[in-house]
Engineer: 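If you scroll down you'll find the structure; I have some questions about it.
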Amino acid sequence: MPASFAAPRTLPELLTELDGEATILAGGMTIMPLLNRGIGRAGKIVSLSGIPALRGIARSGDSVRFGAMATHSEIASDPIVAEHVPILATAAAGIGDVQVRNRGTIGGVAAYGNAGADYVTALTALGARVVVASRRGSREVAFDRFVLGLRRTDLARDEVIVAVEVPSTSGGRTAFERYFRVQGAAPTITAAAVLMPDRGRLAVGGATPTPVIVELGREFDLAATLDAVDEACAGRPFGDAHNPAPYRRAMARNFAARVLRHAREEQPC
Ligand SMILES: Cc1cc2nc3c(=O)[nH]c(=O)nc-3n(C[C@H](O)[C@H](O)[C@H](O)COP(=O)(O)OP(=O)(O)OC[C@H]3O[C@@H](n4cnc5c(N)ncnc54)[C@H](O)[C@@H]3O)c2cc1C
């Protein structure tokens, strides 16, 4: 049982609750099972559910701004996302099951920092930015510098993710794929490719503590790019009993090839 529970209605109210001891509750899909098992601090819970300012998906200049409480279901079905960042809709649609997609949020995934998670790989490839706030002010962090390691992020105990901003990929070519062993469970490997007229980026998650990133020029050599993925996986191996590191490394190369081929061949989105 938590010692206290707060449900602020505005961002200023929320920030006064975040004293460095509070545990933030978003969709609860990750934190509730942990707390139920006695893992983590349950002293003071602060829910984000009642704060309208953290909701919504909207255009913001050349980017799409996702309120931290945008759910996976909302992202999977939003017309702005479908038009401007379709790989995020694809990633959202594949997460967990209906319950997880209806409750789980983009802010919760970003804050948890699980390197293999669908959004983590997609947001890394997309060059997303995380907007963070605390009583001390607000700041923006590039997503590829926000996730620091396995379930480790650049988020202080008194900070909250307010939004995630993602550059539009209109006029570019993109692809996202996930590999999972059990339907409804978290993926083993995720891969995303973003090929824009002036830049390109490949990200592969699940074989290393943070996603492998390979920057791509207008023209790139597929074999050399896959060798770069392989080398990065060998240098920072990550694995577990079900999916050991050599297996993940092989699948990372495989899925990198799939998204790169897919992105090169598809029509501009
Ligand atoms: C059965 C199951 C299957 C799943 N399958 C997948 C999958 O296939 N792919 C995938 O990517 N994920 C998967 N997940 C994880 C899912 O996407 C969760 O929704 C997500 O990890 C956490 O989002 P949440 O909103 O539920 O966060 P919560 O569980 O509420 O919070 C997670 C953590 O983030 C913190 N937090 C939450 N929001 C914020 C914020 N705005 N600012 C600062 N800190 C915050 C919390 O304090 C907590 O530490 C699965 C989960 C389950 C239970």
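No hydrogens, no waters, no symmetry mates; every other heavy atom, side chains included, goes into these values. Whatever order the structure lists them in is the order used to number ligands and atoms, beginning at 1.
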Engineer: Please confirm whether Q99 comes under 4.0 Å of ligand 1, counting heavy atoms of the residue only.
Structural biologist: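 No, Q99 has no heavy atom closer than 4.0 Å to ligand 1.
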Engineer: How far is atom 23 (O) of ligand 1 from the closest protein heavy atom, and which atom is that?
Structural biologist: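 Minimum-distance protein heavy atom for atom 23 (O) of ligand 1 reads G108 CA, 3.5 Å.
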Engineer: Do G94 and ligand 1 have an N or O pair less than 3.5 Å apart?
Structural biologist: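 There is no such contact.
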Engineer: How about R236 and T210: does a side-chain donor come under 3.5 Å of a side-chain acceptor?
Structural biologist: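 Looking only at side-chain atoms, T210 and R236 do form a donor-acceptor pair, the distance falling under 3.5 Å.
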Engineer: Could you grab the distance from atom CD of Q99 to atom CZ of R101, nearest 0.5 Å is fine?
Structural biologist: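 With rounding to 0.5 Å, CD (Q99) is 11.0 Å from CZ (R101).
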Engineer: Quick check: are there more than 12 heavy atoms from other residues, nucleotides or ligands sitting under 6.0 Å from CG of D97?
Structural biologist: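 Atom CG in D97 is packed in, count exceeds 12.
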Engineer: To the nearest 0.5 Å, how far apart are CG in L226 and CG in D230?
Structural biologist: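 Between L226 CG and D230 CG, I get 8.5 Å after rounding to 0.5 Å.
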Engineer: Check each atom of ligand 1 against the heavy atoms of P187 and keep those under 4.0 Å away; list them by number with element.
Structural biologist: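 With P187 as reference, the close atoms of ligand 1 come out as 7 (C), 8 (O), 9 (N).
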Engineer: Could you list which atoms of ligand 1 come closer than 4.0 Å to a heavy atom of H72?
Structural biologist: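 Close to H72: 16 (C), 17 (O), 19 (O).
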Engineer: What residue and heavy atom of the protein are closest to atom 49 (O) of ligand 1, and at what distance?
Structural biologist: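 Going atom by atom, the protein heavy atom closest to atom 49 (O) of ligand 1 ends up being I31 CD1, 3.7 Å.
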Engineer: Sequence neighbours left out, what pairs pass salt bridge (charged side-chain N to carboxylate O under 4.0 Å, His left out) with at least one residue falling in residues 119-133?
Structural biologist: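 Checked against salt bridge (charged side-chain N to carboxylate O under 4.0 Å, His left out) - neighbours excluded - the pairs reaching residues 119-133 are R129-E140, R129-E165.
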Engineer: Do N102 and S73 have side-chain atoms, one donor and one acceptor, less than 3.5 Å apart?
Structural biologist: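 Indeed, the side chains of N102 and S73 share at least one donor-acceptor pair under 3.5 Å.
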Engineer: Assess whether a salt bridge exists between R201 and D144, defined as any Lys/Arg side-chain N lying under 4.0 Å from an Asp/Glu carboxylate O.
Structural biologist: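 The answer is yes: the pair qualifies as a salt bridge.
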Engineer: With heavy atoms only and a cut-off of under 4.0 Å, state how A26 meets ligand 1: side chain, backbone, both or neither.
Structural biologist: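 Both backbone and side chain.
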Engineer: Looking at G27, which atoms of ligand 1 are within less than 4.0 Å of one of its heavy atoms?
Structural biologist: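 Reading through ligand 1 atom by atom, the close ones are 24 (P), 25 (O), 26 (O), 27 (O), 30 (O).
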Engineer: Do other residues, nucleotides or ligands put more than 12 heavy atoms under 6.0 Å from the CZ atom of R135?
Structural biologist: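 Buried by this count: over 12 neighbours within 6.0 Å.
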Engineer: List ligand 1 atoms under 4.0 Å from T105, heavy atoms only on the residue side.
Structural biologist: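 Every atom of ligand 1 under 4.0 Å from some heavy atom of T105: 23 (O), 24 (P), 25 (O).
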Engineer: Does any N or O atom in G28 lie less than 3.5 angstrom from one in ligand 1, N or O only?
Structural biologist: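 Yes.
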Engineer: Heavy-atom contacts under 4.0 Å between L54 and ligand 1: side chain, backbone, both, or neither?
Structural biologist: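 It is neither part, as no heavy atom is under 4.0 Å.
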Engineer: Salt bridge or not for R173 and E265, using N-O below 4.0 Å?
Structural biologist: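 So R173 does not pair with E265 through a salt bridge.
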Engineer: Below 4.0 Å, non-hydrogen atoms only: which portion of M69 touches ligand 1? Side chain, backbone, both or neither.
Structural biologist: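 The answer is neither; M69 stays 4.0 Å or more away.
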Engineer: Among all protein heavy atoms, pick out the one at the shortest distance from atom 12 (N) of ligand 1; state its residue, atom name and that distance to 0.1 Å.
Structural biologist: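 For this ligand atom, the closest protein heavy atom is I95 CG2, 3.8 Å.
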Engineer: Judging by distance only, is a nitrogen or oxygen of G104 under 3.5 angstrom from one on ligand 1?
Structural biologist: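 By distance alone, the answer is no.
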Engineer: Could you check whether R139 pairs with E159 (Lys NZ or Arg NE/NH1/NH2 to Asp/Glu carboxylate O, under 4.0 Å)?
Structural biologist: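 Between E159 and R139 there is a salt bridge, with a charged N closer than 4.0 Å to a carboxylate O.
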Engineer: Judging by distance only, is a nitrogen or oxygen of I161 under 3.5 angstrom from one on ligand 1?
Structural biologist: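 In this structure, I161 places an N or O atom under 3.5 Å from an N or O of ligand 1.
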Engineer: Here's one to test your reading of the geometry: is the NZ or CZ of R249 within 45 degrees of the ring axis of F238 and under 6.0 Å from its centre?
Structural biologist: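 Output no; distance or angle outside limits.
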Engineer: Among protein heavy atoms, which sits nearest to atom 51 (C) of ligand 1, and what does the distance come to when rounded to 0.1 Å?
Structural biologist: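 The protein heavy atom lying closest is V100 CG1, 3.9 Å.
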Engineer: Do Y119 and H72 have ring centroids that are under 6.0 Å from one another?
Structural biologist: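 Ring-ring flag for H72/Y119: true, centres closer than 6.0 Å.
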Engineer: What part of D97 sits under 4.0 Å from ligand 1 if we count only heavy atoms: the side chain, the backbone, both or neither?
Structural biologist: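 It is neither; nothing of D97 touches ligand 1.
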Engineer: Are any of the side-chain nitrogens in R157 or D19 under 4.0 Å away from the carboxylate oxygens of its partner?
Structural biologist: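 No.
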Engineer: Could an N or O of ligand 1 be found under 3.5 Å from any N or O of R178, whether backbone or side chain?
Structural biologist: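 Yes - when backbone and side-chain N and O of R178 are compared with those of ligand 1, one distance drops under 3.5 Å.
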Engineer: Would you indicate whether R59, at its atom CZ, is surrounded by more than 12 heavy atoms from other residues, nucleotides or ligands within a distance under 6.0 Å?
Structural biologist: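 Atom CZ in R59 is packed in, count exceeds 12.
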Engineer: Would you mind listing which atoms of ligand 1 come within a distance below 4.0 Å of any non-hydrogen atom of A68?
Structural biologist: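 Going through ligand 1 atom by atom, the ones under 4.0 Å from A68 are 41 (N).
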Engineer: Run the numbers for me: atoms of ligand 1, each under 4.0 Å from some heavy atom of M29, listed by number.
Structural biologist: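 Taking each heavy atom of M29 in turn, ligand 1 has 18 (C), 19 (O), 26 (O), 29 (O), 53 (C) under 4.0 Å.
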Engineer: How far is atom 10 (C) of ligand 1 from its nearest protein heavy atom, and which residue and atom name does that atom have?
Structural biologist: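 The protein heavy atom lying closest is D118 OD1, 3.3 Å.
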Engineer: Quick check on contacts: which atoms of ligand 1 are under 4.0 angstrom from a heavy atom of A117?
Structural biologist: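 In order of numbering, the contacting atoms are 11 (O).
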Engineer: What is the closest protein heavy atom to atom 45 (C) of ligand 1, and at what distance does it sit?
Structural biologist: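 For this ligand atom, the closest protein heavy atom is A111 CB, 3.3 Å.
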Engineer: What atoms of ligand 1 come closer than 4.0 angstrom to any heavy atom of G96?
Structural biologist: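 The list of qualifying atoms is 3 (C), 4 (C), 5 (N), 6 (C), 7 (C), 8 (O).
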Engineer: Say whether I24, considering both its backbone and side-chain N or O atoms, lies within less than 3.5 Å of an N or O atom on ligand 1.
Structural biologist: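 Right, the criterion is met.
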Engineer: Among all protein heavy atoms, pick the one closest to atom 3 (C) of ligand 1 and tell me residue, atom and distance.
Structural biologist: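 In this structure, atom 3 (C) of ligand 1 has G184 O, 3.2 Å as its nearest protein heavy atom.
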Engineer: Under the rule for side-chain hydrogen bond (donor to acceptor under 3.5 Å, both in side chains), what residues qualify as partners of S134, not counting sequence neighbours?
Structural biologist: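 Once residues adjacent in sequence are excluded, S134 has no partner under the side-chain hydrogen bond (donor to acceptor under 3.5 Å, both in side chains) criterion.
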Engineer: Any N/O of T30 closer than 3.5 Å to an N/O of ligand 1?
Structural biologist: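 Yes: some nitrogen or oxygen of T30 is under 3.5 Å from one in ligand 1.
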Engineer: I need the contact type for M32 against ligand 1. Using non-hydrogen atoms and a strict under-4.0 Å cut-off, is it side chain, backbone, both or neither?
Structural biologist: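 It is neither; nothing of M32 touches ligand 1.
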Engineer: Do the side-chain N and O atoms of H242 and R181 include a donor-acceptor pair separated by under 3.5 angstrom?
Structural biologist: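 On atom types as modelled, these side chains do not qualify, holding no pair under 3.5 Å.
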